[in-house]
Amino acid sequence: ENLQISLGEFFDSS
Amino acid sequence: MLEAKLDAASQLKKIVEAIRDMLGECNIECNETGLALQSLDKSHIVLVSLLLGSDGFSEYRCDRGVTLGLNINSLATVLRCANNDDILTLRSEDRANELILTFEDSKADRISEFNLRLMDIDQEYLAIPETEYAATVVMSAAVLQRTLRDLSALSEAVTIEIDKEGIRFSAEGDLGKGSTHFKPCVDMENAENSINITLSEPVSLSFNLQYFSNITKASSLSSTVTLQMTAGMPAQIEYKLPSGHVRYYFAPKIED
């Protein structure tokens with residue numbers, strides 16, 4: 001089963 | 001202060017309608033280059049980045065930066081009071097707490113004015129890294145929307161594989177599985193039906209189809225869509241506007 005990850009894992013908040 | 005005029009309210013109405021289901025409260029940053037909105041959707045799976053360049057307006061003036069903190073659904077509600085071909089003007093004083101929208105019909109014998117209350121929203125800004133995408137696909141926005149809608153009947157997730165043969169969309173669920181494959185092609189009659197693929201290496205990613213269907217609501221804004229993907233990174237999906245864009249950064253699903 002594929003796991004949905006959130007954008008926060010890729011883009012750090014500036 | 002901000003003063004921006006559009007010759008047809010429909011230009012803004014259809015953009016706001018396309019993104020309103022994904023967003024809630026957000027800041028629209030206005031400066032001399034135009035209006036920009038960057039906001040995470042409620043699920044934090046998609047980042048929406050909207051740019052309306054100042055040259056897309058018939059008149060535009062924003063001598064000092066103005067931030068319009070508002071609920072996108074309230075803006076959509078007020079915009080519903082405008083006819084598509086009304087002349088739309090947005091006005092806001094510096095540090096004002098309201099956005100004034102006026103709608104005039106072309107004969108200028110009817111003018112409506114709405115004042116939308118503005119809010120202080122301290123929203124999280126994400127730094128979007130410069131990414132070299134392994135694959136770029138330019139295709140018909142309507143064809144992408146239709147392909148994904150068909151597959152959402154099978155599953156809540158779609159796998160997109162891009163290689164030099166083309167682009168394949170596939171889904172598998174309880175009732176079975178399905179896939180649609182497009183070869184690169186050039187349609188001389190309707191350029192928008194061409195499938196243009198630029199590839200540095202094959203890539204395959206999976207995405208949630210519910211969020212994807214929210215994204216493809218922007219298909220009404222542009223005849224083509226640009227899909228950019230690279231392994232292990234969010235996809236960039238862009239609908240170009242006459243002077244700007246609506247861009248989505250979409251987090252993939254990862255094999256656990």
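Protein chains get the first letters and strands the later ones, always in sequence-line order, with residue 1 at the start of each.
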Problem set entry | Value rounded to 0.5 Å, distance of CD in B/E124 from CZ in A/F11 | 12.0 Å

For this session: Considering non-hydrogen atoms only, spot the tightest contact between B/A251 and A/S6 and give its length.
Result: CB-C, 4.1 Å

Seminar exercise, completed: In this structure, CD of A/Q4 is separated from OH of B/Y211 (nearest 0.5 Å) by 6.5 Å

Exercise. Going from CG on A/L7 to OG on B/S43, what distance comes out if it is rounded to the nearest 0.5 angstrom?
Worked result: 8.0 Å

Seminar exercise, completed: Output for pair (A/I5 CD1, B/K253 NZ), nearest 0.5 Å, gives 10.0 Å

Seminar exercise, completed: CG of B/L47 to CZ of A/F10, rounded to nearest 0.5 Å, is 12.5 Å

For this session: Decide if atom NZ of B/K42 counts as having more than 12 heavy atoms of other residues, nucleotides or ligands within a radius under 6.0 Å.
Result: yes

Problem set entry | Atom CZ of B/R64: over 12 foreign heavy atoms under 6.0 Å | no

Seminar exercise, completed: Rounded to the nearest 0.5 angstrom, the CD1-CG distance for B/I128 and A/D12 is 11.5 Å

